[in-house]
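To start, the structure under review is shown below, and the notes come after it.
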Amino acid sequence: MHWPTTAAEAIAVQEELRHQVDATDHGPAPRFVAGLDVAYDGDRLAAAVVVLEWDGLNEVDRAVVPGRTTFPYVPGLFAFREVPALLAALDQLTTPPDLLVCDGFGIAHPRRFGLASHLGVLTGIPAIGVAKTAFVGTLLEPGTARGSTADLVLDGEVVGAAVRTQHGVKPVYVSVGHRISLPTAIAHVLHLAPHYRLPETTRAADHLCRRALTAEPKNG
DNA sequence: GCGACAG
DNA sequence: ATCTTGTCGC
């Protein structure tokens, strides 16, 4: 299938691929966990993937690829802006991750196919979506303690959870991307966020793509 | 109809 | 996403 260039084509792709999403667990806890993020400067972008070891959260691999924007930011079609560059970055890795932690949503999406689901289905790797703000659905406020959660409901269906990763901080919004269950996704996010609001995977990828972008030549 | 709307 | 200083708190 060729990469869509219009909103109508992109929506058609989502409608076709959404049925491949698997919201059940596969295997034990992952050993290598990847954080993925993209930074922008006008038309330029840098996509980064950082791989951390589950035990200790130490970095074992990283990749950054420069690129250019090929799709505008449209709520609901966010994946079409970031997926090509992120797949290219994943290809550069020496250590293949067995879990992807993405910036954005998985099935907490108007068509149940956000960025994390898209990357998960295209790679076959279990994927989780971790967003910093809500996009769709209604939710209740989780308790103030670390580990507290509240359902994120869309059309009467639980599509994710607001998760308090640290005492008193704003919650993050976790949803299933692919090949994982929501309870497991929540547990994984809490494991990956022992000190800060955001998972270490997200923080590492964010720092990397941001630094790579400002380090690149003005015309790269 | 109007506003809100992952990054 | 990005534009952006100082400031409060551990």
Side-chain angles (χ1 to χ4, degrees), chain A residues 7 10-11 13-14 17-18 21 34-50 64-89 100-121 127-139 144 146 150 152-155 158-163 165-178 182 185-186 189 194-199 201-216 218:
Chain A
I11 290 173
V13 169
Q14 291 179 331
L17 296 181
R18 60 180 290 187
V21 170
L36 304 87
D37 195 18
V38 180
Y40 299 88
D41 176 31
D43 285 353
R44 295 194 310 129
L45 64 81
V49 182
V50 177
V64 200
V65 302
R68 289 201 172 274
T69 304
T70 61
F71 204 95
Y73 168 66
V74 179
L77 301 178
F78 178 53
F80 296 91
R81 186 171 170 79
E82 304 208 331
V83 162
L86 288 173
L87 289 178
L100 306 179
V101 179
C102 311
D103 262 50
F105 286 115
I107 64 174
H109 177 278
R111 286 169 294 280
R112 307 295 196 280
F113 201 72
L115 173 66
S117 295
H118 211 134
L119 283 170
V121 166
I128 298 173
V130 180
K132 295 179 284 296
T133 61
F135 175 35
V136 290
T138 57
L139 62 123
T144 181
R146 166 177 157 83
L152 176 57
V153 179
L154 181 59
D155 299 327
V158 176
V159 295
V163 178
T165 53
Q166 299 296 327
H167 187 104
V169 304
K170 292 190 348 178
V172 296
Y173 304 91
V174 177
S175 57
V176 167
H178 187 48
L182 182 57
I186 292 170
V189 168
H195 301 311
Y196 300 100
R197 177 188 177 225
L198 297 178
T201 36
T202 302
R203 290 163 44 79
D206 182 80
H207 284 162
L208 179 54
C209 64
R210 207 175 286 223
R211 195 195 63 73
L213 194 60
T214 56
E216 280 297 311
K218 172 124 192 195

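To find a chain, count down the sequence lines: A is the first, B the second, and so on, and within it residues start at 1. Keep in mind that the numbers below use all heavy atoms, side chains included, and drop hydrogens, waters and symmetry copies.
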Under 4.0 angstrom, heavy atoms only, what part of the nucleic acid is [X] near: base, sugar-phosphate, or nothing?
X        : answer
A:Ala108 : nothing
A:Gly129 : nothing
A:Leu86  : nothing

Could you tell me the separation between the [atom1] atom of [X] and the [atom2] atom of [N], rounded to a whole number of Å?
X        : N     : atom1 : atom2 : value
A:Arg44  : C:dT2 : CZ    : C1'   : 14 Å
A:Leu77  : B:dG7 : CG    : P     : 15 Å
A:Tyr40  : C:dC3 : OH    : P     : 14 Å
A:Phe80  : B:dA6 : CZ    : C1'   : 14 Å
A:Arg81  : B:dC5 : CZ    : C1'   : 15 Å
A:Ile11  : B:dC5 : CD1   : P     : 19 Å
A:Leu213 : C:dT2 : CG    : C1'   : 11 Å
A:Phe105 : B:dA6 : CZ    : C1'   : 6 Å

OP1 or OP2 of [N] versus the side-chain N and O atoms of [X]: is any pair under 4.0 Å?
X        : N     : value
A:Lys132 : B:dG7 : yes
A:Thr133 : B:dC5 : no
A:Arg210 : C:dT2 : yes

ring-ring contact (aromatic ring centres under 6.0 Å, His included) between A:Phe80 and A:His118, worked out: CA-CA 9 Å; A:Phe80 296 91; A:His118 211 134; 5.2 Å; yes

Test salt bridge (charged side-chain N to carboxylate O under 4.0 Å, His left out) applied to A:Asp37 - qualifying residues, sequence neighbours left out: none

ring centroid sep under 5.5 Å plus plane angle under 30, A:Tyr73 with B:dG7: yes

Side-chain heavy atoms of A:Glu82 within contact of A:Tyr40, under 4.5 Å: yes

Stepwise side chain to side chain contact (heavy atoms under 4.5 Å, CB included) check, A:Asp103 with A:Lys132: CA-CA 8 Å; A:Asp103 262 50; A:Lys132 295 179 284 296; 3.1 Å; yes

Candidates B:dG7, B:dC5, C:dT2 - which lies nearest the side chain of A:Ala39: C:dT2

Steps toward side chain to side chain contact (heavy atoms under 4.5 Å, CB included) verdict (A:Val38, A:Cys209): CA-CA 6 Å; A:Val38 180; A:Cys209 64; 5.6 Å; no

